[in-house]
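Within every chain, numbering begins at 1; the chains are lettered A, B, ... in the order of the sequence lines, protein sequences first and strands thereafter. The structure displayed is predicted, hence computed values, not measured ones.
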Amino acid sequence: MARLAKYDLVSIDDLELEDIEQIFQLADHFSQSLKEGDTPRLAQGLIMATLFYEPSTRTRLSFEAAMHRLGGSVISSADMKTSSVAKGESLADTVRVVSAYADLIVLRHPHEGAAKVAAEYASSPVINAGDGSREHPTQTLCDLYILRSKKGDLKGLTVAICGDLRYGRTVHSLMYALARFGANILAVPNKGMEVPEHVLARLAVQRNYKFATVSIAELKSLASDLDALYLTPREPHQMALFTGEMAAGAARAVKSDPPVVDALYVTRLQRERLKDGHEVGSEYFHVDSRAIRGSRTQSAVIMHPLPRTDELAYELDSDPRAIYFEQAAVGVPVRMALIAWLIQLAAQGEAKPRRSPKAIAFSSRVHPMCANPTCITRSESAYLSPRFRFAPWGDRSALTLQCDYCEHEARFDYVGNSRSRRYYRFDETLYGYVRRWVEEGSLMVFRDPKQAEESGYEPYRRGPQREVMNAQEMRRALESLAEQIIADLSDLTGVTVVGILTRGAILALRLRDLIADKTGIVLPCAAVSVVGDEARIVPLEGKDGLAFDGRTIVLVDDVINSGWTVQRAMNALWNAGRPASVRLAVLIDRGHRALPIRPNYAGKNLPTAPTERVRVYLDSQEPVGKRKATERVVLYSMLESGASKGKHV
Amino acid sequence: MDKARDRADELAGGDKPQVGSVTEAAPPPDRSAKASREAETTMVMDQRAMARAIKRLAHEIRERNQGQALALIGIVRRGVALSQRLCELLKGMGFADVAVGALDISHYRDDDRRTDGDPRLLGRAIPFSLAGKTIVLVDDVLYTGRTVRAALQALAELGRPKCVQLAVLVDRGERELPIRADFVGRNVVAGEARRVYVRLAEIDGIDAVIVAPNS
């Protein structure tokens, strides 16, 4: 009986160009044998399981048809939501169990990175049939295959991709793959659905693509030449991606001489990925025969991953350039070819090595989370710890990491060592150390010193401390804050006090008590937790403080510096309700704002140097024995890290 | 409530008192009674005053950001026109490294929508990376601060700029959020009963700032 290699297809990048070429040759062969009605029973005795956590007709049916054509069998769970998920089974457990039933798992999942997780836990090979808005490699294979069979060589082709370039999962895979074959991409996004940054970054670094920005005005000249192609969105902007050698003067070239488009790839609006209430329908692309009558699109084939909604007129179906039904039809031979390729791989005996960058795991209990809300590490957090890898792009002023599962990018300005419990301002000279700490498993990363200190880390080096406020002065400053608030807000009954965790929340409760002493009005309270890019509201002494609609919010923090923390805290307030207004109260305003934010009430304005740190020590934060005497605010200078400064590991 | 008033000012656009006629018919400032003042339409900036104010804004932006990688991001619609003018001026002053983008936060303004938390859906034309850049957010009128808050959320989602500064042609005070502008063309006290209309040649055919009663 045939066997399948344990080689997972998570991303199109898992296949080398030669692999893709081999698969295409197999697909040519199977297309022929399908026509002749004589397909080889290569997969006889093999079982494929299709696990679909999201509905899909085409992908699932074409996989199943491919397996049947090759003589294999299929077991299927078309709607996982009604089965194991409803019982709360994790993805890891599901694929481990199914590995015992089937030789091949085809997975579709709504969360980015799901296929990677499945590939790691399943002992059978896993084929990604779409994970969230990330990739859909077999669709990409089909797209490339039909394009190759219509246009010959992919190198140098200009493919215009239009519509939803943000949520469209097929599009990202397709761009990476086209880039590898050296095609030019003309990205024509619908408004608000531009190509995400991480996709552009990857194209720029891995494929040496340059972006020629075409302004709205220039686009119009292009549009007139492409006729009504850019008709529907109000004011689209676009980016053209060119291979390195073509980049020079590309923008000018596009302006004066728009490229001849070889293929027009129209995407479907991913309505299920849009949040409620967002209306795009009327603005979305609509491609009809008028749109492609221009000279630039004379020989362009029209592709669409199907199913179509309104973006593609039915009148195009009879146009010889419309190849989307053929594109769908090749789904079967291409997927047969993929299965046959896995069988070939197993027959060759040796395990095919995978190219994957080394991942950074954070061993400590406190670790950075992936900021992508639909990352698989967020929904399957019970057993998955976030994993990152170095992102080889971006400026080097911060440590840029990328989620190993969903590829969402994150920048960290501060790094820490979990053994020494010290943290450092990141700079390029620290790269060597950071790599070593990764080896040791002692790397920690922080957005800001505040986060580091709240995690129990101390700065690597600090100069002499200077007390800028003692316990008594701090009490007086809080009294003054309370008085400012009472004087400023005439109607205290509509006020809710919200403290930023953790010191801001402690101060918020104290302010609440002081205001109650002075006025007899006890204001409701809540807290907001700001960790990295994430901010969320948490209850503080009861749930009275959680209703924000129409309230005047007094947001409280100990020290304001750049303002980013306050900005994120406001995002959390807006996600939770509709405050009538927000006032900001801080114990210390130390300057150095990076955002146009100003506190309404400040206990003390403290001029500081950028390298200095202001640290507020509060009783409830200190070990019990040290309480009372230690309540104070100190200022110290934080010495820059840097390898030249000696051994500090 | 959430219908940010500062945006409503400019949105009211078309069915407003005709700009042309207002400028011609604008009566001389009456400093007698507050009531009559509030019922009045006054032009607080004409074309020359506006040109001076924008030029001064450009100078201040240049002074503060020498040697930085700068990006001006205008808030749709009049902020975009202003940012383009500022960009021209900055380039004229020899400030080479300036990029220009546009941000449309109109989806934020609707009352009942809960899409606010998801700036990914917002319209924008920012064809460059924000990482490490100094961003100057440009708008015509600063009022409650809600628009700016929404814009900050959208920018933070797009990348990690080094810092974000705010430049406005008119600051009319009465903030509801702890937002302040870094660069202000003119402070205008309008009162709740009146609106501030910024009119720009690119969009309205005339350069003027007018304070007129709410209709």
Exercise: do B:R175 and A:N600 side chains pair donor with acceptor under 3.5 Å: no
Whether over 12 other heavy atoms sit under 6.0 Å from A:R536 CZ: no
Beyond-backbone contact of B:Q153 with A:M570, side-chain heavy atoms, under 4.5 angstrom: no
Close side-chain approach of A:P596 and B:V164, heavy atoms under 4.5 Å: yes
What's the spacing between [X] [atom1] and [Y] [atom2] if we round to 0.5 Å?
X: A:S562; Y: B:K162; atom1: OG; atom2: NZ; answer: 12.5 Å
X: A:I597; Y: B:R149; atom1: CD1; atom2: CZ; answer: 10.0 Å
X: B:L177; Y: A:R598; atom1: CG; atom2: CZ; answer: 13.0 Å

B:R64: partners by salt bridge (Lys or Arg N to Asp or Glu O under 4.0 Å), with sequence neighbours left out: B:D182
Heavy-atom closest contact (A:W564 atom, B:P161 atom, distance): CZ2-O, 3.8 Å
Taking every non-hydrogen atom, the tightest pair across B:E176 and A:S581: O-CB, 3.1 Å
